[in-house]
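Following: one structure in structure tokens, then a few remarks.
Keep in mind it's a predicted model, so treat the numbers as computed, not measured. Throughout, a chain's letter reflects where its sequence line sits, starting with A, and its residues are numbered from 1. We use all heavy atoms of the structure for the numbers below, so side chains are in, but hydrogens, waters and symmetry mates are not.
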Number of protein chains: 2
Amino acid sequence: MGRCENCIIRQFNSLRAMSKEELKRVSDTKTTKLVKKGETIFGEGEKLNGVFCVRDGVSKLSKLSPNGKDQIVKLATKGAVLGQRSVITEEVANLSAIAVNDMEVCFIPKDAIVDSLNSNPNFAVEVLRHIAHDLKEADDVIVNMSQKTVKQRIAEAFIYLEENFGKDNNGYLALTLSREDIANVVGTATESAIRIISDFKKLGLIKAYGKKVAIADRKALNEVAKGS
Amino acid sequence: MGRCENCIIRQFNSLRAMSKEELKRVSDTKTTKLVKKGETIFGEGEKLNGVFCVRDGVSKLSKLSPNGKDQIVKLATKGAVLGQRSVITEEVANLSAIAVNDMEVCFIPKDAIVDSLNSNPNFAVEVLRHIAHDLKEADDVIVNMSQKTVKQRIAEAFIYLEENFGKDNNGYLALTLSREDIANVVGTATESAIRIISDFKKLGLIKAYGKKVAIADRKALNEVAKGS
DNA sequence: TTGAAAACATGATATTTGTCAGTTTTTTCT
DNA sequence: AGAAAAAACTGACAAATATCATGTTTTCAA
């Protein structure tokens, strides 16, 4: 099994602030697992006794509402550490983590994290920076949700997907989400999302090849995302 | 001027994890200021070289959107530390802090905070816990915004105000917000908020005495907040 | 490969929410 | 106290969005 010390992924998250000794400990206690598309890594309300470091694939972090609808709060990819928040506050998970495509994740038991937090200020501050950044992003999402139209939010979502998950060789978005997932990201009904995406296609803002979507007119899409 | 070591407010925030020496330093460098209702403590985009500890009064943390509407992301009261996030990530403030009523705040220069973070793991972890908790709350707000109706959100807002800011001697909410502020908290048009609040009054869910509002039928209001 | 299930799509319609335009009430300031 | 400003309110209407019903296409596993 791989050693954390050599893990490239680490460079992207707070684990890079760990000392050699701490990393060794993490490496010795961690386990790696494969998660198939659609499988749940952990569910809302579950008690977590560790965190999950994403080595490959994408996970959606979502919350189920009483009326049966999911709200996707965040998409986490390579380098992200899932469950950190719950471990820190010692609460149960308030979001579910479900694989959007096949994933490889490392499970790191709680103690290795908590002990380092308490003894290594560098690590604690690094984690703090990450969570503080997440908080800023969450605040931005709140503002977007309340002040932008569904059309604007969907336009933004495509731009976000291109910027954060990149494009494949043919220029199509590397991450393919179902219409339902897109609806759940922007907080609207699936039918509404489908209609707007169809409109975007007709207007030439995006193009599709099977399930794949590509941004065809970035500038115009940006216009839609900003003004009405 | 008061000494932080004796400040009761401290018990409610992360400063309680500071050592005697650290508190002494904070005490020596801090300044206290009075902020009148409506005045700005700091604005969006402003570079902060310190944090503000709320000793009395309430501040709204909000973001202005291009169309001129404010979204209130959070209400901060006694014990809250404002600007912490920006100081940690070394970014400009992404929210404005405006006094909702007369306030008394202590300004603590950045260095005292940053130095303690880097050297005192207890303090770093305590701050981490607070920010992690804020993040959870922000995620909950995102879900509420996208999955509840305006009516539900306004009902929730009144319950939130009672639970977090309490009642006066006569049972009225201790914190009085303008209709516009309520609208900006739940993310709707001022007129819509006014209409719904009028409905609540007619239905006997709340009652009003001048500007003061009281929850009249807590159970029914709860029903509205949950189901539709 | 083929049948069932899931995802995608579209129309018709209802509901929710926002906007505009104005009136009344309350607050603030001198 | 009285004028001006701000806040609260109301109605009419428009726009955005959700819901329901149904048909089509795609995916996937037996």
Side-chain angles (χ1 to χ4, degrees), chain A residues 36-39 60 65-72 98 100-102 144-157 176-203 206-213 224-225 227-228, chain B residues 36-39 60 65-71 98 100-102 144-155 157-158 176-203 206-213 224 227-228:
Chain A
K36 283 257 169 78
K37 173 178 174 174
E39 282 180 3
K60 56 181 174 183
S65 79
N67 65 46
K69 258 192 181 170
D70 245 4
Q71 172 63 33
I72 297 178
I98 298 173
V100 170
N101 46 34
D102 291 352
N144 272 347
M145 284 295 199
S146 74
Q147 305 203 324
K148 298 202 168 169
T149 64
V150 174
K151 193 184 288 183
Q152 288 178 297
R153 281 178 274 153
I154 291 184
E156 278 194 338
T176 302
L177 290 180
S178 69
R179 303 296 147 106
E180 190 181 3
D181 277 344
I182 293 176
N184 290 344
V185 166
V186 304
T188 190
T190 305
E191 296 95 323
S192 298
I194 288 173
R195 266 183 252 271
I196 290 172
I197 293 172
S198 296
D199 286 350
F200 283 180
K201 256 190 280 187
K202 280 172 201 150
L203 293 170
I206 61 173
K207 56 182 179 171
Y209 180 71
K211 275 193 78 81
K212 287 280 178 188
V213 173
V224 173
S228 191
Chain B
K36 283 258 169 76
K37 172 177 176 176
E39 282 180 2
K60 55 180 175 182
S65 79
N67 64 47
K69 257 190 181 174
D70 246 3
Q71 173 63 34
I98 298 172
V100 170
N101 45 34
D102 291 351
N144 272 347
M145 283 294 200
S146 74
Q147 305 202 324
K148 299 203 167 169
T149 64
V150 173
K151 194 184 288 187
Q152 288 178 299
R153 281 179 273 151
I154 290 185
F158 282 127
T176 302
L177 290 180
S178 69
R179 302 295 145 104
E180 189 181 4
D181 278 342
I182 294 177
N184 290 345
V185 165
V186 305
T188 190
T190 306
E191 297 94 322
S192 299
I194 288 174
R195 265 182 253 273
I196 290 171
I197 294 172
S198 295
D199 287 350
F200 284 180
K201 256 190 280 186
K202 280 172 201 150
L203 293 169
I206 61 173
K207 58 180 178 172
Y209 181 71
K211 277 195 78 82
K212 288 280 179 187
V213 172
V224 173
S228 192

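- For the helix from dT1(C)-dA30(D) to dT30(C)-dA1(D), the terminal axes (five pairs an end, C1' atoms, rotation from four pairs onto the next four) enclose an angle of 60°, given to 10 degrees.
- Rounded to an integer number of Å, the gap from NZ of K151(B) to C1' of dT17(D) is 17 Å.
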(request) Could you run through nucleotides 22-30 of chain D and give me one letter per nucleotide, 5' to 3': B if any protein heavy atom sits under 4.0 Å from the base, S if only the sugar-phosphate is that close, - if neither? (result) -----S---
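- Counting heavy-atom neighbours within 6.0 Å of K207(A) NZ, excluding the residue itself, gives a total of 12 or less.
- By the salt bridge (Lys or Arg N to Asp or Glu O under 4.0 Å) test, K69(A) is found to be paired with no residue, residues two or more places apart in sequence or in another chain being considered.
- The shortest distance between side-chain heavy atoms of Q147(A) and Q152(A) does not fall below 4.5 Å.
- Spacing between atom CG of L177(A) and atom P of dA7(C) amounts to 13 Å, rounded to whole angstrom units.
- Between K201(A) and dA9(C) there is a side-chain polar atom (N or O) within less than 4.0 angstrom of OP1 or OP2.
- The number of heavy atoms from other shown groups lying within 6.0 Å of NZ (K151(A)) does not exceed 12.
- Between D199(A) atom CG and dA15(D) atom P the separation is 16 Å, expressed in whole Å.
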(request) Could you walk me through whether N184(A) and Q71(A) pass side chain to side chain donor-acceptor pair (under 3.5 Å), step by step? (result) CA-CA 5 Å; N184(A) 290 344; Q71(A) 172 63 33; over 6 Å; no
(message) Could you walk me through whether K37(A) and V100(A) satisfy the side-chain contact (heavy atoms from CB on, under 4.5 Å) test, starting with their C-alpha distance in whole Å, then the side-chain angles of each, then the deciding distance to 0.1 Å, before giving a yes or no?
(response) CA-CA 5 Å; K37(A) 173 178 174 174; V100(A) 170; over 6 Å; no
Sequence neighbours excluded and cut-off under 3.5 Å, please list the side-chain donor-acceptor pairs for residues 187-199 of chain B, or say none.
| unit_1 | atom_1 | unit_2 | atom_2 | d |
| --- | --- | --- | --- | --- |
| S198(B) | OG | I194(B) | O | 3.1 |

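- One can place CD1 of I154(A) at 14 Å from C1' of dC8(C), the figure rounded to the nearest angstrom.
- We find that CD of Q147(A) is positioned 14 Å from P of dT17(D), with the value rounded to whole Å.
- When rounded to the nearest whole Å, the span between CG of N101(B) and P of dT27(C) equals 16 Å.
- E180(B) has its CD atom 14 Å from the C1' atom of dA5(D), to the nearest Å.
- Contact between R179(A) and V213(A) at its shortest, heavy atoms only, is NH2-CG2, 4.3 Å.
- Partners of D70(A) under the salt bridge (Lys or Arg N to Asp or Glu O under 4.0 Å) rule, at least two apart in sequence or in another chain, do not exist in this structure.
- Contacts between residues 183-197 of chain B and DNA chain D, counted as heavy-atom distances below 4.0 Å, involve E191(B), I194(B), R195(B).
- Comparing S146(A) and K202(A) along DNA chain C, the residue whose closest nucleotide (by nearest heavy atom) sits nearer the 5' end is K202(A).
- Atom CZ in F200(B) sits about 17 Å away from atom C1' in dA8(D), given to the nearest Å.
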(request) In sequence, state the C-alpha distance, the side-chain angles, and the governing distance for T176(B) and K212(B), and then conclude on side-chain contact (heavy atoms from CB on, under 4.5 Å). (result) CA-CA 6 Å; T176(B) 302; K212(B) 288 280 179 187; 3.4 Å; yes
(request) Under the side-chain contact (heavy atoms from CB on, under 4.5 Å) rule, what do I98(A) and E39(A) come out as? Steps first, then yes or no, please. (result) CA-CA 6 Å; I98(A) 298 173; E39(A) 282 180 3; over 6 Å; no
